[in-house]
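Computed from a predicted structure; not experimentally measured. Values below: every heavy atom of this structure, side chains too, minus hydrogens, waters and symmetry copies.
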Amino acid sequence: TGPGGELDENAPEPARPTFPLIAIGLLVAGIFLVAARNVRRRLRLFRARSPRERVVAAYDLFDSLAGDVGLGRRPGETPLEYQTRLRRKVSFSDGHLEHVTRLTGRALYSGTGVSPSQAREAVMAAKTAARDVRRSAGVRRRALAILGIRR
């Protein structure tokens, strides 16, 4: 306002906190997208009814999580070829990668299939192998993976 109480048209407008609001909005949207991606991935595993479907869904979950840090399965790469490539880049614990790969091959190609207990084993092995991959990727790659940026 001017000296007589009238509005001064030349006075600067008060600063609005737009940057913090935009940053908070982007952060909330990012958190929502990451959460939605994780729910979508795990939903397939949850919906799998047969032991065969559970094993394949567990393997796909592993591949997706490894892909976040740039170590996903390549087009046309068999599970065994993928295992061999990952073994050269990641230090895995206690044969989990081999176990989930073997059960996946059995689920996909064997006439006998897999049992419910083997399906549970595949899920646990896939989660452990994925944790090993993410751990070996380093902080930078894991941070980018959280943001959904694949490198």
Side-chain angles (χ1 to χ4, degrees), residues 12-151:
E13 288 189 35
R16 295 182 189 163
T18 55
F19 178 75
L21 291 176
I22 291 171
I24 290 170
L26 289 173
L27 181 65
V28 169
I31 290 169
F32 176 77
L33 290 174
V34 169
R37 180 184 68 201
N38 289 334
V39 166
R40 187 180 67 247
R41 286 176 171 168
R42 284 166 172 71
L43 197 57
R44 179 163 182 233
L45 186 60
F46 178 75
R47 287 183 175 165
R49 296 292 172 223
S50 72
R52 177 194 178 280
E53 289 173 344
R54 286 196 56 79
V55 170
V56 173
Y59 189 81
D60 288 346
L61 177 62
F62 163 75
D63 176 36
S64 180
L65 293 170
D68 285 349
V69 294
L71 293 172
R73 197 165 144 209
R74 295 176 181 156
E77 190 172 41
T78 68
L80 194 54
E81 291 168 337
Y82 183 40
Q83 172 188 306
T84 302
R85 180 170 58 87
L86 286 180
R87 269 271 174 226
R88 284 183 252 141
K89 297 179 180 200
V90 177
S91 175
F92 288 96
S93 59
D94 298 330
H96 294 102
L97 176 63
E98 288 79 5
H99 195 54
V100 72
T101 300
R102 185 173 45 257
L103 289 172
T104 299
R106 189 170 182 181
L108 290 173
Y109 307 115
S110 171
T112 59
V114 291
S115 70
S117 66
Q118 288 173 317
R120 284 189 296 277
E121 291 171 13
V123 170
M124 295 308 296
K127 288 179 179 180
T128 302
R131 189 173 52 245
D132 291 342
V133 168
R134 293 174 78 81
R135 188 177 298 130
S136 74
V139 175
R140 182 174 180 270
R141 280 180 133 180
R142 285 194 313 254
L144 292 173
I146 290 169
L147 297 173
I149 302 169
R150 293 182 179 204
R151 288 227 155 183

Derivation of the side chain to side chain contact (heavy atoms under 4.5 Å, CB included) call for V69 and V133: CA-CA 8 Å; V69 294; V133 168; 3.7 Å; yes
Audit row: Y59, R73, side chain to side chain contact (heavy atoms under 4.5 Å, CB included) steps and yes/no: CA-CA 11 Å; Y59 189 81; R73 197 165 144 209; 3.5 Å; yes
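Shown here are the side-chain contact (heavy atoms from CB on, under 4.5 Å) partners of R74, two or more places apart in sequence or in another chain: E77, R85, K89. In this structure D63 satisfies the salt bridge (charged side-chain N to carboxylate O under 4.0 Å, His left out) test with no other residue, sequence neighbours excluded. Every residue meeting the side-chain contact (heavy atoms from CB on, under 4.5 Å) condition with A107, not counting sequence neighbours, appears here in chain and number order: R52, V55, V56, V114. Contacts of R131 classified as salt bridge (charged side-chain N to carboxylate O under 4.0 Å, His left out), with partners at least two apart in sequence or in another chain: none. Under the rule for a side-chain hydrogen bond (donor to acceptor under 3.5 Å, both in side chains), the partners of T101 that lie at least two apart in sequence or sit in another chain are Q83. Remark: S117 pairs with S115 by the side-chain hydrogen bond (donor to acceptor under 3.5 Å, both in side chains) rule, at least two apart or across chains. A search for side-chain contact (heavy atoms from CB on, under 4.5 Å) contacts involving S91 returns nothing, not counting sequence neighbours. With sequence neighbours left out, T84 forms a side-chain contact (heavy atoms from CB on, under 4.5 Å) with R88. With sequence neighbours excluded, the residues that form a salt bridge (charged side-chain N to carboxylate O under 4.0 Å, His left out) with E98 are R87.
Listed here is the closest heavy atom pair of P116 and P51: N-CG, 3.8 Å. Across all non-hydrogen atoms, the minimal contact from A66 to Y82 is CB-OH, 3.4 Å. Smallest separation of non-hydrogen atoms from G76 and E81: O-OE1, 3.8 Å.
The closest donor-acceptor contact from the side chain of T104 to the backbone of V100 lies under 3.5 Å. Within the 3.5 Å criterion, the main-chain N or O of L45 finds a donor-acceptor partner in the side chain of R54.
For the atom pair CG (D132) and CG (L86), the distance works out to 11.0 Å, reported to the nearest 0.5 Å. Expressed to the nearest 0.5 Å, how far NE2 of H99 lies from CG of D94 amounts to 12.0 Å.
Screening residues 103-123 for salt bridge (Lys or Arg N to Asp or Glu O under 4.0 Å) gives no qualifying pairs among residues at least two apart or on separate chains.
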